[in-house]
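Presented below is the structure to which this report refers.
Both backbone and side-chain heavy atoms feed into the values below; hydrogens, waters and symmetry mates do not. Both counts, for ligands and for their atoms, begin at 1 and track the order of listing.
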Amino acid sequence: MTQNAKEPPFPWPVKWKYSSRSRRLSLRIDPRCSGVVLSLPLNFPKEKALLFIRAHIEWIQKQLEALPPPADQANEILIEGKTYPIVRVPERPSFRPKLCSDKFIVRENDPNELARIEAFLKARAKILLPVLAKKWSEIMQAEFSRITLRDTKSRWGSCNTQRAIMLNWRLILAPKAVQEYVIIHELSHLTHFNHSPDFWALVENFCPNGKIGRKESEKWLKNYGIKLQRTV
Ligand SMILES: [Zn+2]
């Protein structure tokens, strides 16, 4: 593949994703790095691709400007579906973020604020999500072999034929009903390893509020997915 075109200095990072499965050009926003991902067919001429990006500059800027700020640049944080004001107080350097009933306290002027918030959220996810998965595993009589928490870009959960469940730890930011939906979804895959009508019937049988509950959770993840990816 020859790439003669000089990369123009766009004000945001561009990830070039060549794939034999791509039939056409497509752009999407990467909320993690405040940049864009360009998917394109193998051997697609770079000059043409650059023209495509240029034609979408306005759209890209608008999307990037609309991204929510990371927690250390925000005055509130979403935890388990509830928005807490972030209160920054003078504290000793070893102070760790603390969640109270009505606020989230962090040390002011902490150069490691974002890393500390991330550690707090991950630790909370590690305690609460496996307990919730165990609870639903018993209710559904669907036993899993192990559970891991990961930071995946596009999936909230997955499972494999060894009956191991994976959950995205960022679900700790979502309401409990949404966490439960993802867990019920993955546990249902232990019975139906597909998305067949039988699979959805099983999911909806256990989802609080059935089909409506399932749809509400899916909608929540669609609306807040970027916020979950951007918080830390
Ligand atoms: Zn699925």
Side-chain angles (χ1 to χ4, degrees), residues 15 17 19-24 26-33 36-37 39 63 67-68 78-82 118 121-232:
K15 272 186 208 157
K17 229 174 118 186
S19 158
S20 55
R21 281 174 299 153
S22 288
R23 291 279 160 83
R24 56 182 186 89
S26 71
L27 268 176
R28 68 175 175 82
I29 298 296
D30 182 344
R32 294 279 186 91
C33 72
V36 292
V37 181
S39 303
Q63 300 290 315
L67 285 175
L78 187 67
I79 302 173
E80 287 157 57
K82 192 176 155 189
E118 181 172 339
L121 294 170
K122 272 187 180 165
R124 197 172 177 88
K126 225 172 156 180
I127 294 168
L128 297 179
L129 295 178
V131 171
L132 203 56
K134 193 86 198 115
K135 176 190 143 186
W136 279 98
S137 155
E138 277 160 21
I139 294 170
M140 296 171 68
Q141 298 192 329
E143 215 175 308
F144 55 84
S145 56
R146 67 191 175 96
I147 180 164
T148 47
L149 299 184
R150 291 215 187 111
D151 192 3
T152 42
K153 271 187 202 154
S154 55
R155 303 171 92 180
W156 301 113
S158 67
C159 72
N160 64 22
T161 47
Q162 277 82 53
R163 305 180 75 82
I165 302 276
M166 183 285 293
L167 295 176
N168 188 320
W169 68 261
R170 291 170 185 274
L171 284 169
I172 199 63
L173 303 176
K176 198 172 164 199
V178 174
Q179 298 169 3
E180 288 183 312
Y181 161 67
V182 176
I183 289 168
I184 292 167
H185 182 119
E186 296 314 328
L187 291 173
S188 298
H189 276 316
L190 298 178
T191 306
H192 301 287
F193 218 79
N194 50 41
H195 289 117
S196 62
D198 284 349
F199 165 80
W200 288 116
L202 186 63
V203 171
E204 288 165 13
N205 182 37
F206 285 106
C207 256
N209 248 337
K211 187 172 188 157
I212 296 171
R214 170 202 149 195
K215 292 277 180 194
E216 277 173 359
S217 292
E218 285 172 344
K219 197 171 151 198
W220 193 95
L221 286 169
K222 206 167 166 245
N223 290 341
Y224 287 87
I226 284 183
K227 199 174 176 87
L228 266 52
Q229 302 282 9
R230 286 278 293 179
T231 294
V232 287

Worksheet, complete the sentence: Arg230 meets the salt bridge (Lys or Arg N to Asp or Glu O under 4.0 Å) criterion, sequence neighbours left out, with none

Fill in: Shell of protein N/O/S atoms around the Zn ion (ligand 1), taken as anything under 2.8 Å
His185 NE2, His189 NE2, His195 NE2

Worksheet item: Can we say Lys17 and Asp30 salt-bridge, meaning some charged N sits less than 4.0 Å from an Asp/Glu carboxylate O?
Response: no

Worksheet item: Taking only residues two or more places apart in sequence, or in another chain, which ones meet Lys82 in a side chain to side chain donor-acceptor pair (under 3.5 Å)?
Response: none

Discussion item. Going by ring pair (Phe, Tyr, Trp, His ring centres under 6.0 Å), name the residues that satisfy it together with Tyr224, two or more places apart in sequence or in a different chain.
Written reply: Trp220

Practice prompt. Please work out whether the ring planes of His189 and Phe199 are parallel, tilted or perpendicular, with thresholds of 30° and 60°.
Written response: parallel

Worksheet entry | Lys222 and Glu218 ion-paired at < 4.0 Å | no

